[in-house]
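Bear in mind that the values here come from a model prediction, so they are computed numbers and not experimental data.
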2 protein chains.
Amino acid sequence: MNTSRSPELDDVDWKILAELQADARLSFNELSRRIHLSAPAVAERVRRLEESGVIAGYAARVAPAKAGQPMMAFIQLRCKLSRCLLKTAAADDFPEITEVHKLSGEHCTMLKVRAASLVHLEGLIEQLGEHGEMRTHIVLSTPYEDRPLTPVTADRDVSGADGWTGTGR
Amino acid sequence: MNTSRSPELDDVDWKILAELQADARLSFNELSRRIHLSAPAVAERVRRLEESGVIAGYAARVAPAKAGQPMMAFIQLRCKLSRCLLKTAAADDFPEITEVHKLSGEHCTMLKVRAASLVHLEGLIEQLGEHGEMRTHIVLSTPYEDRPLTPVTADRDVSGADGWTGTGR
DNA sequence: AATGAAATCCGACGCGA
DNA sequence: TCGCGTCGGATTTCATT
């Protein structure tokens with residue numbers, strides 16, 4: 001596939017992405033109105049963004065609290081050398097695990113989990129704890145989540161980023 | 001609003017949520033076909049899910065790597081007693097910050113950040129570090145993300161969850 | 001700009017807790 | 001009875017050529 005060398009998103013692409021990240025169900029008509037472009041032109045750009053994989057899909061955002069799972073926690077696992085829990089598919093057995101990340105550092109795995117209650121969370125932690133040392137951080141509140149992805153270039157300059165927008169490779 | 005007492009999602013609701021989390025752009029026709037319900041009935045359920053806030057919105061899922069931001073990290077901040085960085089809106093100044101969570105424990109804030117490169121990430125960490133002690137975990141890979149929310153009840157039983165599906169209101 | 005398809009809205013009927 | 005799903009048809013809106 002063309003994993004490398006994305007076709008360089010321009011300003012219009014980013015405007016489209018911003019709109020679609022805020023509301024994936026916009027019609028091409030409405031979208032074209034906001035972007036100030038013709039409908040077919042917008043449709044063609046969206047098609048290209050989908051095909052190149054920049055737009056990976058469209059998902060309904062479900063509010064966990066409203067769906068009976070108000071509790072959230074981050075769990076870092078420090079695994080025995082060889083077997084790392086979740087080595088492969090162990091995460092499939094736990095619907096409560098919403099994210100799995102492999103980390104650098106001594107705690108090799110970062111989980112984000114959801115639970116219906118403190119009791120539920122307690123049971124979950126107990127089960128996961130069997131696989132190795134762990135560190136748990138219960139989330140009290142979430143000021144920001146699902147922040148849309150925005151372009152990283154241009155006006156705001158991060159010290160050290162002198163032309164390195166090309167991701168490496 | 002009715003933050004409390006969600007109308008109890010039934011199996012059909014969860015099937016709808018599963019489908020819409022996988023593809024938010026399904027037509028009601030297609031959706032009704034998969035759920036084995038009539039289109040108007042499905043539309044009515046979806047409308048109710050939206051109104052009750054269970055469905056918070058619909059978002060295009062943008063692949064960060066394809067959009068020029070392949071790097072990701074978790075950053076825990078340990079803040080000075082009074083001012084906690086991001087006390088309010090400081091996160092708005094950093095588009096790289098995609099999530100902000102308040103934690104229990106000694107490190108009061110958990111950030112998830114995206115960056116275009118290691119150099120970019122380095123600069124970002126340097127800037128955030130001015131606000132207090134921090135602990136950074138660079139993500140090497142992400143086996144699971146955006147796992148859809150699923151019902152927590154029933155067949156799989158977590159020790160300690162004996163009827164406590166009700167979230168504690 | 002025009003065509004064909006699909007969604008939304010409406011009222012009425014049947015079924016089951 | 002009341003809630004919920006189904007059916008049929010009219011109108012608007014969208015996607016595509």
Side-chain angles (χ1 to χ4, degrees), chain A residues 7 9-63 65-69 148, chain B residues 1-63 66-67 148-155 163 165-167 169:
Chain A
L9 308 179
D10 62 16
D11 299 340
V12 179
D13 288 323
W14 278 112
K15 287 186 66 174
I16 291 176
L17 289 179
E19 294 291 344
L20 286 182
Q21 285 181 95
D23 183 359
R25 297 197 124 181
L26 286 177
S27 67
F28 291 128
N29 275 344
E30 180 60 26
L31 195 51
S32 69
R33 241 166 270 143
R34 304 189 185 185
I35 306 294
H36 302 297
L37 232 63
S38 77
V42 168
E44 178 58 18
R45 278 180 181 263
V46 171
R47 193 196 60 76
R48 211 169 299 171
L49 288 170
E50 291 170 346
E51 196 174 23
S52 66
V54 174
I55 294 181
Y58 303 90
R61 296 190 298 105
V62 175
K66 298 291 182 68
Q69 301 181 40
Chain B
M1 325 295 177
N2 54 353
T3 67
S4 56
R5 190 180 49 263
S6 34
E8 272 305 305
L9 307 180
D10 61 16
D11 298 340
V12 179
D13 289 323
W14 278 112
K15 286 186 67 174
I16 292 176
L17 290 179
E19 294 291 343
L20 288 182
Q21 285 181 97
D23 183 357
R25 295 198 127 181
L26 286 176
S27 70
F28 290 118
N29 271 340
E30 180 59 27
L31 194 53
S32 67
R33 233 165 278 139
R34 304 189 186 185
I35 306 294
H36 302 297
L37 231 62
S38 78
V42 169
E44 177 59 18
R45 277 179 179 268
V46 171
R47 193 197 60 76
R48 213 169 298 173
L49 288 170
E50 291 170 346
E51 196 174 23
S52 66
V54 174
I55 294 180
Y58 303 90
R61 296 190 297 105
V62 175
K66 298 291 182 67
L149 208 67
T150 57
V152 71
T153 59
D155 51 3
T165 62
T167 91
R169 114 165 327 318

* Asked: So do L31(A) and L20(A) actually touch side chain to side chain, heavy atoms under 4.5 Å?
  -> yes
* So what does R48(B) touch, heavy atoms closer than 4.0 Å: a base, only the sugar-phosphate, or nothing? -> sugar-phosphate
* To do: Could you tell me whether a side-chain N or O of Q21(B) sits under 3.5 Å from a main-chain N or O of L149(B), the two making a donor and an acceptor?
  => yes
* To do: Starting from P on dG3(D), measure out to CG on D10(B) and report it in whole angstrom.
  => 16 Å
* Does any residue of residues 22-35 of chain A have a heavy atom under 4.0 Å from DNA chain D, and if so, which ones, in number order? -> S27(A), F28(A), N29(A)
* For the pair E30(B) (side chain) and R25(B) (backbone), establish whether a donor and an acceptor sit closer than 3.5 Å, ignoring hydrogens and angles. => no
* D13(A) versus V54(A): any side-chain heavy-atom pair under 4.5 Å? -> no
* Overall bend - the helix from dA1(C)-dT17(D) to dA17(C)-dT1(D), comparing terminal axes fitted on five pairs, nearest 10 degrees -> 30°
* Structure fact -> Interatomic distance, CZ@R48(A) vs CD@E44(A), rounded to 0.5 Å, equals 4.5 Å
* **Heavy-atom side-chain contact between R34(A) and L26(A) under 4.5 Å** => yes
* To do: Would you mind reading off the distance between E44(A) atom CD and dA15(D) atom C1', rounded to a whole angstrom?
  => 14 Å
* **Phosphate-side-chain proximity, R45(B) and dG5(D), N/O vs OP1/OP2 below 4.0 Å** => yes
* For the residue pair R45(B) and I35(B), establish whether any side-chain heavy-atom pair is separated by less than 4.5 Å. => no
* Asked: Cationic tip of R47(A) within the cone over F28(A)'s six-membered ring, i.e. under 6.0 Å and within 45° of the normal?
  -> no
